[in-house]
Asks: 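Quick one: the structure is below, questions incoming.
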Amino acid sequence: MVPPSSPFPPPFPAPPPWAREGLAALAAADPRLGAIEAAAGPLPWRTRQPGFPGLLRAICGQQISNQAAAAIWRRLAALPGALDPAGLLAMDDATLCGIAGLSRPKAAHARSLAAACIEGRLDFIALPAMSDAEAVAHIAAVKGLGPWTAAVHLLFAEQRPDVFPAGDLALAASAAHLLGLPARPGPKALAVLAEGWRPWRSLAARLLWHHWRFVTGRPAVEDG
């Protein structure tokens, strides 16, 4: 049962068996991570669609809150054809920015993603055979995406177990709070900290986001 103080009421799917095994390994290796679910409640297993829709959703989340990103995503996903590269490319700024609420830079990033898919520069079929580093580089090579967007996509949409978006501000804030650090670590310092959580860094990231939402009182967002 979810504790009354938890901001994560059901229904949220439980982590799959492979993830539960990884969470147990993380708890054994780092009791501070292991204590998060006891305080915050069961980890909500958030996933996103693979392929173009998942990366488009990641673009919506660039540099804004989860709640704002989810609202934009709901409006964008409701537009006929928006989740297809060719359909999105046919949309003007009045639609992407005026109706869906994307900023002009994010609309440009979305078009860049759609063009890369149509032209074959972004190959989702080849992603599973790539290492994590290769997959991040392959996605980040598309203008407007970058390592954070790539890592978030691989973590939520591809459900890779050992990807860590070290440039994420919420992860830095959570790590500082959980570990009692004097300041938020920068991306390089956070990446070094995360090395101790291999080969389950994606799960460590999920736990840190869970911890930060709990201590700040923010709800988890089920956004697809």
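Remember, it's a predicted structure, so these values are computed and weren't measured experimentally.
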Asks: Would you please test Trp197 and Asp30 for side-chain hydrogen bond (donor to acceptor under 3.5 Å, both in side chains) and show each step?
Replies: CA-CA 8 Å; Trp197 300 322; Asp30 192 333; 3.0 Å; yes

Asks: Rounded at 0.5 Å granularity, tell me how far CG in Leu88 sits from CG in Leu96.
Replies: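 Atom-to-atom, Leu88:CG and Leu96:CG are 5.0 Å apart.
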
Asks: With a distance cut-off below 6.0 Å to the six-membered ring centre and an angular limit of 45° from the axis, does Arg206 pair with Trp45 as a cation-pi contact?
Replies: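 The answer is yes; both the distance and angle limits are met.
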
Asks: NE2 of His109 to NZ of Lys143: how many Å apart, nearest 0.5 Å?
Replies: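 It is 8.0 Å, given to the nearest 0.5 Å.
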
Asks: So which heavy atom on Cys97 is nearest to which on Ala107, and how close?
Replies: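 Taking Cys97 first and Ala107 second, the nearest heavy atoms are SG-CB, 3.9 Å.
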
Asks: Decide, yes or no, whether a salt bridge links Arg111 with Asp92 under the criterion of side-chain N to carboxylate O below 4.0 Å.
Replies: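 Salt bridge between Arg111 and Asp92, a charged N being under 4.0 Å from a carboxylate O: no.
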
Asks: State whether a side-chain donor-acceptor pair under 3.5 Å links Trp148 with Asp168.
Replies: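 A donor-acceptor contact under 3.5 Å links the two side chains.
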
Asks: Within the 4.5 Å heavy-atom criterion, are Ile139 and Leu127 side-chain neighbours or not?
Replies: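 With C-beta onward as the side chain, the pair touches.
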
Asks: Please examine the side chains of Leu56 and Gln49, heavy atoms only from C-beta on, and report whether any two atoms are closer than 4.5 Å.
Replies: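 No; the side chains remain at least 4.5 Å from each other.
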
Asks: Using only heavy-atom distances, determine whether the side chains of Thr149 and Gln62 contain a donor-acceptor pair under 3.5 Å.
Replies: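 There is such a pair (donor and acceptor under 3.5 Å, judged by atom type) between the side chains of Thr149 and Gln62.
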
Asks: Could you check whether Trp209 and Phe164 have their ring centres less than 6.0 Å apart?
Replies: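 Not close enough - the centres of the two rings lie 6.0 Å or further apart.
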
Asks: Sequence neighbours excluded, which residues qualify as side-chain hydrogen bond (donor to acceptor under 3.5 Å, both in side chains) partners of Arg184?
Replies: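 Listed in chain order: nothing, the list is empty.
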
Asks: Kindly indicate whether the side chain of Trp18, heavy atoms from C-beta on, has any atom under 4.5 Å from the side chain of Leu203.
Replies: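 Yes, side chains in contact.
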
Asks: For a 4.5 angstrom cut-off between non-hydrogen side-chain atoms, does Leu55 reach Phe124?
Replies: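 Answer yes - side chains close enough.
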
Asks: Do Leu76 and Ile99 have side chains that approach each other closer than 4.5 Å (heavy atoms only, starting at C-beta)?
Replies: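 Side chain of Leu76 against side chain of Ile99, heavy atoms only: no contact under 4.5 Å found.
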
Asks: For residues Ala69 and Gly61, report the shortest heavy-atom separation together with the two atoms involved.
Replies: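 Heavy atoms of Ala69 and Gly61 come nearest at CB-CA, 3.6 Å.
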
Asks: In terms of side-chain geometry, is the basic nitrogen of Arg160 or Glu134 positioned less than 4.0 Å from the acidic oxygen of its partner?
Replies: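 Judged by the 4.0 Å cut-off on N to carboxylate O distance, Arg160 and Glu134 do not form a salt bridge.
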
Asks: Are Thr47 and Phe156 packed together at the side-chain level, in the sense that at least one heavy-atom pair is separated by less than 4.5 angstrom?
Replies: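 No; the side chains remain at least 4.5 Å from each other.
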
Asks: With sequence neighbours left out, which residue pairs that include part of residues 19-42 fulfil the ring pair (Phe, Tyr, Trp, His ring centres under 6.0 Å) condition?
Replies: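 Qualifying pairs: none.
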
Asks: Indicate yes or no for a side-chain donor-acceptor contact from Ser202 to the backbone of Val163 under 3.5 Å, with no hydrogens or angles considered.
Replies: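 Looks like yes, one N/O pair under 3.5 Å.
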
